[in-house]
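Here's the structure, in C-alpha cells; my notes come after.
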There are 2 protein chains.
Amino acid sequence: MVDTAPPADAVGTRYGARPTMKDVAAHAGVGLKTVSRVVNGEAGVAQDTERRVREAIAALGFRRNDSARVLRKGRTSSVGLILEDLADPFYAPLSRAVEEVARAHGALLINGSSTEDPERERELALALCARRVDGLVIVPASRDHRYLEPEISAGVATVFVDRPPGRIAADLVLSENREGARAGVAHLVAHGHRRIGFVGDRPHIHTAEERLAGYRAAMSDAGLPVDEAWVAPGATDPERVRRDAGRMLGGAEPVTAIFAGNNRVTVTLVRLLAAAEHRTALVGFDDFELADLLSPPVTVVAQDPAAMGRRAAELLFARLAGAGGPPRRLSQPTRLVPRGSGELPPGG
Amino acid sequence: MVDTAPPADAVGTRYGARPTMKDVAAHAGVGLKTVSRVVNGEAGVAQDTERRVREAIAALGFRRNDSARVLRKGRTSSVGLILEDLADPFYAPLSRAVEEVARAHGALLINGSSTEDPERERELALALCARRVDGLVIVPASRDHRYLEPEISAGVATVFVDRPPGRIAADLVLSENREGARAGVAHLVAHGHRRIGFVGDRPHIHTAEERLAGYRAAMSDAGLPVDEAWVAPGATDPERVRRDAGRMLGGAEPVTAIFAGNNRVTVTLVRLLAAAEHRTALVGFDDFELADLLSPPVTVVAQDPAAMGRRAAELLFARLAGAGGPPRRLSQPTRLVPRGSGELPPGG
DNA sequence: CGTGGACTAGACAACGTTGTCAACTCTGGG
DNA sequence: CCCAGAGTTGACAACGTTGTCTAGTCCACG
C-alpha cells in the first residue's frame, strides 16, 4: 500500500530540523521578509508570489516559531493562572472561564497548581513571568506578594481572585463570603435553631476568616450566644472534621444545626450526619454537584466560580488594553439555595 | 503613611521597561556573559564578581527572559495538554496528574479545552507547537491527526490519552473500555437481569463504541438477545437521555437494568430513576464523587484518570529523554465498584 | 518621453539570551 | 626571568522573527 509509506519528499525536512522562514524563502525563491509578510497576512505581496510562498510553506511543513516572534514583539498573547488545585470542583470552572475569556482575546492560558504552598505559588508566578506572560490571575496561597512588585511595574497585569493579595495593592475579585455565611446562618436561625455549630477551614485563609465572621455576625444579629465549643476553625481533613463535629453533637447541649465552611467540609458532614441518630440541620458554603440528590438534599450558599473567573479575566484584559486607574475590587454575590437539609427543624 | 508610597528607588526601572542582562552587566560593571553565567549558576565566576552581579540583579529586579532563552536553546521546558473540557470531573484529575509529572521534570503545562470540536483541537495543537512546546498530550476530538505529522517529525513528542489518534501512529494510553463495560454488564446479568439497556455517548467517539461493544459482548456471553430498542447510543444531553431511557423503561417488556456509558449519563439516569415507580438496576461507567451517598448508592465501573494522565506524561518525558522504538500502547484497567444500584434484583 | 505615485520586494538591524573562543591575570616551578 | 597552566572574563555570532528603510518596476498622466 503506497499511502502508508512515510512521505518520501521530505525536502529539507530531516528529523528534528525545523524549517525556518529563511528555508521557505530559499525554497520559494523570494526574500525572507516576503515570507514573513505572507505568514502574517500583511498586504503588499503579489498574488503569484504569495502562491509560491504558500506552496513552499506546505511543502516544508513550516510553522512560525512564536518564541522568536515573542522576543521581537514583546507580547506573548498568553496569560497565567495560578490556583490551589486545578482538579478541585470549585476551581475547575473558574479556570475554564478564564480560558474562555483568554481565547476570546486570542491568548493561551498556562496554569499551575500551588497546592496551597506559598513557595510553590511564588515559583510558579516567577516562572510564568520569565515566560513573559502578558498577565497573571492568581488565587493566592501566599500572604506576601511583594515578590511580584518588579513584575507588576514591568507591566505584567495581575488580578487576584477569591482571596486578597498580601502586602501589595492589585485588582481583586472576591465572593461575598461574610454576607453569604451570614445569610446561611440566618437561614438556620429562621428555622428555629439556637445552637448552631461552625466547621470551617484553617483560619489563616481569608475566605475562612470571613465566613467565620459572617457566622458570628448572624448569631449576634439574632441575639444568640456563641459557645466556643461550637466553633471549629480547624483543618478540612475528614478526620478532624469528624472529630470536631462529633464533639459539638455530643455533650449536654448539642448543636442542632451546623454551618459548613466549604464544600469539602460539607461532604464530610453529610457522610457523618447520614450515619447519625438525630437529624441535624446543615447548610454548606459552596454548591456541589448532586447536592440535590442526597437525602436530605443539601442546602447551600452557592458561589459562582465561573463568574469570578470570567470577571477576573475581563479585568485582566481590560488592563492589558490599557485601562488605567487604581486597583479595582469586585464583589461577587452568593446565593442561598434551600434544598432541605437547611430547613430541618431543631430536635429532629 | 510613608510605606504606602510607591517605591522611590526605581533604579532604571521605568514602568514598562524590563531590565536585561545588558543592563545588569552595566550596573555591576561586568560583561554580559558574566551575568549570564551567574544567572545560570555556571562555574567560573569569582565570588566577589558574583556578589556584585547578584546585587545588581536584585537592585534592578531583573528576571531572565525565557523567550530569548528558548530561542537560543531550542527547548522550552513546557508541554501542552489538550482535552475536551478542563472542568469535567473526569478530566480534571488527568490534567492534574500531567501537571505533577511535568513539574517533576521542570516543565510547565499549557492546557486548552477543545470542547469536543476537531477544528478547535487543531488550532490549539498548532498554537502550542508554534510556542514550541517540547511535547503534547492530547485527548482527541478529531478523527484525523495527520496535521501533526510535520510537528512530530520535527521532534514534538506526542502522546494520546483516552482515545486513539486518527490516521497517524503515536503513543497511546487507553482505559480498558470494552472489558470494563463487559464486566459491568456481566455484573447485572449475574444479579438476574435479562433485559438490560445501554445508554451511551455518540457512537463516533471511540470510548463509546468500545463500551457498546463490551455491552454486546457481555450479553452474547450470557446467551442473551439484544433488542435494538434497548440500545441508545445517542447524545449525552439530559433531554435525550431521558427520552431514550424512558422508552426502554416503558412498553410491554421494559428493561430491568441499565448500563450507563459515562458519568454524565449516569447522573441523568440517577435523577430519572429516583423519580420512577420501579427500582431499576443501574451500573455506570466512570466513578463520580458522592456516588456512595446516593440512594441507592451507585455501582460503577471506575476508571483511573489520574493514572492515565500520569502514565501518558511519563511516556512523553521518556520520549523527550530519548526513548526510541515504535509507538507504545498502554492499557489502564478499570475496576468494578459494587455499591447497591447494580445489585438490585429484576422486577424491583 | 519624462515624472510621480502605487505597488512590490528585499537588505539589514534588532529583540535578549547562550555557545564559542580568545585574551587576560595570576601563581608557582624551572 | 620565563613559561605552563589554571582561573576569570568578555567580544562576538547565532537563534528566527519583525520593523524600517531603500530600491526597483510598472503604469497613468502631463
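So you know, we letter chains A, B, ... as the sequences are listed, proteins then strands, and number each from 1. Only this structure's heavy atoms are used, side chains among them; waters, hydrogens and symmetry mates stay out.
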Expected output: side-chain A:Asn40 to main-chain A:Glu42 donor-acceptor under 3.5 Å: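 Side chain of A:Asn40 to backbone of A:Glu42, a donor-acceptor pair under 3.5 Å: no, none is there.
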Any donor-acceptor N/O pair, A:Glu121 side chain to A:Ala141 backbone, under 3.5 Å: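 A pair under 3.5 Å: yes.
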Residue B:Ala46, side-chain heavy atoms: nucleotide from C:dG16, D:dT8, D:dT17 that is nearest: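 Within the option list, the nearest is D:dT8.
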May I have the distance from [X] (atom [atom1]) to [N] (atom [atom2]), rounded to whole angstrom?
X	N	atom1	atom2	result
A:Met21	D:dT17	CE	C1'	6 Å
B:Leu71	C:dC15	CG	C1'	9 Å
A:Lys73	C:dC15	NZ	C1'	12 Å
B:Arg75	C:dT18	CZ	P	17 Å
B:Lys22	C:dT18	NZ	P	16 Å
B:Asn65	C:dG16	CG	C1'	6 Å
B:Asp66	C:dC15	CG	C1'	15 Å
A:Asp48	C:dC7	CG	P	18 Å

Contact residues, residues 30-43 of chain A to DNA chain C [heavy atom, < 4.0 Å]: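 Going residue by residue through residues 30-43 of chain A, the ones with a heavy atom under 4.0 Å of DNA chain C turn out to be A:Val30, A:Gly31, A:Lys33, A:Thr34, A:Arg37.
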Phosphate contact (C:dA14 OP1 or OP2) by A:Arg72 side-chain N/O below 4.0 Å: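 No.
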Residues in ring pair (Phe, Tyr, Trp, His ring centres under 6.0 Å) contact with B:Phe62, at least two apart in sequence or another chain: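 With neighbours one apart ignored, the set is empty.
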DNA chain D: 5'-proximal contact among A:Arg69 and B:Gly44 (nearest heavy atom):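 That would be B:Gly44.
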Reported OG1-to-CD distance for the pair B:Thr158 and B:Glu149, which is rounded to 0.5 angstrom: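 Here the interatomic distance stands at 11.0 Å.
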Gap between atom CD of B:Glu123 and atom CG of B:Leu128 - 0.5 Å precision: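 Output value for this atom pair is 11.5 Å.
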Sugar-phosphate only, base, or nothing, as touched by A:Val45 at under 4.0 Å among non-hydrogen atoms: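 It contacts sugar-phosphate atoms only.
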Touch class at under 4.0 angstrom, heavy-atom based, for A:Thr49 against every strand present: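 Sugar-phosphate, backbone atoms only, no base.
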Stepwise side chain to side chain contact (heavy atoms under 4.5 Å, CB included) test for B:Ser78 and B:Leu109: CA-CA 6 Å; B:Ser78 60; B:Leu109 181 64; over 6 Å; no
Sub-4.5 Å side-chain heavy-atom contact between B:Arg132 and A:Asn65: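 Side chain of B:Arg132 against side chain of A:Asn65, heavy atoms only: contact under 4.5 Å found.
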